[in-house]
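Scroll down for the structure; my scribbles are underneath it.
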Amino acid sequence: MSLVVEALGKRYGDSAVFSNVSLRVAPGEFVAIVGESGVGKSTLLNCMAGLDGWDSGSVHIGGTDLGTLDNDARALLRRKQVGFVFQAFHVLPHLDVAQNVALPLMLLGQQDNARVHSLLAAVGLDGLGARLPQQLSGGQLQRVAIARALVHRPALLLADEPTGNLDPTTAAKVMDALLAQTRAQGAALVLVTHSQAAAARADRVLQLRADGIFE
Ligand SMILES: Nc1ncnc2c1ncn2[C@@H]1O[C@H](COP(=O)(O)OP(=O)(O)OP(=O)(O)O)[C@@H](O)[C@H]1O
Ligand SMILES: [Mg+2]
């Protein structure tokens, strides 16, 4: 699944976040996006997923121009093609771990408990499916969010700081799980990170600035 962003510009009211952001991510490619806090990395990722609107430019996912889709059509494309790991997990507190992971499948009207459990095992959470999120550590929650983002085999995975706030050893393990799963599925990965170690594993590292994105 290719992702093409062309001359994207985003503002909040009078203040521009970024302008002229263009990038291409090929199917199966791993691109890391770095940049200072507040420069707009999360905003850009939200635009790529069609979770947020923009003011100029375009986003294409697998050849489909997100700008031509209404909210329902964007949501449908996202459900089928995109996995999203949010900066702040967004794990639902009243669902247990396995139910949280199964959520994207449920939204597609599918059920696959074997898939849910194999993904939990793949991210090192074997046997924790019946726990509630409050009974997990921060690093474990991050891995729940990763398993959930992958469960429906998205062709494009967008991950916002999936190793933020983790100790280096756990961060490396979380990255291992994320990369192993995206590679196994042939998915493209766009990873926003402040971590040098995580960025070093990417095929390409792009730096976001207010006036564009640069190699
Ligand atoms: N809803 C909003 N209304 C107004 N300004 C916003 C809104 N959301 C974000 N911003 C501003 O847009 C800019 C970009 O925010 P964003 O969260 O994308 O940064 P970031 O690069 O992800 O930062 P960090 O590395 O700290 O996560 C910031 O200056 C932020 O204050
Ligand atoms: Mg952010």
Side-chain angles (χ1 to χ4, degrees), residues 3-25 29-61 66-67 70-71 74-75 78 82-92 133 137-150 154 156-168 170-172 174-175 177-179 182 188-215:
L3 169 71
V4 181
V5 175
E6 268 173 318
L8 204 71
K10 171 75 182 173
R11 33 195 331 120
Y12 284 113
D14 283 344
S15 72
V17 181
F18 52 72
S19 62
N20 206 28
V21 170
S22 298
L23 65 100
R24 282 163 184 272
V25 181
E29 195 181 16
F30 170 16
V31 171
I33 296 178
V34 299
E36 286 173 20
S37 177
V39 77
K41 302 180 301 297
S42 295
T43 304
L44 176 59
L45 218 57
N46 286 335
C47 290
M48 288 172 175
L51 288 165
D52 203 347
W54 50 88
D55 299 287
S56 52
S58 64
V59 178
H60 287 76
I61 292 181
L66 290 193
D70 63 17
N71 280 337
R74 280 186 197 188
R78 197 162 49 237
V82 181
F84 204 99
V85 183
F86 291 92
Q87 193 163 11
F89 316 146
H90 290 295
V91 170
L92 299 183
S137 73
Q140 290 170 331
L141 279 179
Q142 228 142 2
R143 284 179 276 161
V144 173
I146 288 168
R148 180 182 58 187
L150 290 163
L156 173 64
L157 186 73
L158 304 173
D160 197 354
E161 284 285 7
T163 59
N165 306 316
L166 295 181
D167 65 88
T170 309
V174 167
M175 276 302 298
L178 182 63
L179 284 181
T182 44
L189 170 63
V190 179
L191 177 87
V192 166
T193 185
H194 287 290
S195 158
Q196 294 274 354
R201 299 173 72 166
D203 299 318
R204 281 190 295 144
V205 181
L206 300 176
Q207 174 142 32
L208 181 63
R209 300 203 316 234
D211 58 344
I213 195 161
F214 303 90
E215 298 267 350

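Atoms within each ligand, like the ligands themselves, are counted from 1 in listed order.
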Show which atoms of ligand 1 fall inside a sub-4.0 Å distance from at least one heavy-atom site of [X].
X	answer
G40	14 (C), 16 (P), 18 (O), 19 (O), 20 (P), 21 (O)
T43	14 (C), 15 (O), 16 (P), 18 (O)
E36	21 (O)
H194	25 (O)

Can a donor-acceptor pair be found, under 3.5 Å and without considering hydrogens, that links the side chain of [X] to the backbone of [Y]?
X	Y	answer
R24	V4	no
R11	D55	no
E161	H194	yes
Q142	P162	yes

Please name the pair of heavy atoms, one in [X] and one in [Y], separated by the smallest distance, quoted to 0.1 Å.
X	Y	value
V192	K41	CG1-CB, 3.6 Å
F84	L157	N-CD1, 4.3 Å
K10	G53	NZ-O, 2.8 Å
I146	V174	CD1-CG1, 3.2 Å
V21	F18	CG2-CD1, 3.6 Å
P133	V91	CG-CG1, 3.4 Å

Among all protein heavy atoms, pick out the one at the shortest distance from [atom]; state its residue, atom name and that distance to 0.1 Å.
atom	result
atom 25 (O) of ligand 1	K41 NZ, 2.7 Å
atom 13 (C) of ligand 1	G38 O, 3.3 Å
atom 27 (O) of ligand 1	Q87 NE2, 3.0 Å
atom 26 (O) of ligand 1	S37 OG, 2.6 Å
atom 17 (O) of ligand 1	S42 CB, 3.7 Å
atom 12 (O) of ligand 1	Y12 CE1, 3.6 Å

Checklist entry - Which is it for E161 and ligand 1 at heavy atoms under 4.0 Å: side chain, backbone, both or neither? => result neither
Checklist entry - At a non-hydrogen distance cut-off of under 4.0 Å, which region of V17 contacts ligand 1 (side chain, backbone, both, or neither)? => result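 For V17, only side-chain atoms sit under 4.0 Å from ligand 1.
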Checklist entry - Does the cation-pi check pass for R209 over F214, that is, NZ or CZ under 6.0 Å from the six-membered ring centre and within 45° of its axis? => result yes
Next on the checklist: If we check side chain to side chain contact (heavy atoms under 4.5 Å, CB included) with M175, which of these qualifies: T193, T163, T170?
Outcome noted: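 Checked T193, T163, T170 against M175; only one passes side chain to side chain contact (heavy atoms under 4.5 Å, CB included): T163.
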Checklist entry - Of the options N20, L23, T43, L44, which is the one that meets L8 in a side chain to side chain contact (heavy atoms under 4.5 Å, CB included)? => result L44
Checklist entry - Quick one: does atom 30 (C) of ligand 1 have a protein heavy atom under 4.0 Å from it? => result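 Given the 4.0 Å cut-off, atom 30 (C) of ligand 1 does not count as touching protein heavy atoms.
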Next on the checklist: I want to verify a count. Protein N, O or S atoms less than 2.8 Å away from the Mg ion (ligand 2), how many are there?
Outcome noted: 2
Checklist entry - Is there a heavy atom in G35 that sits closer than 4.0 Å to ligand 1? => result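 Checking ligand 1 against G35, which is what was asked, there is no heavy-atom contact under 4.0 Å.
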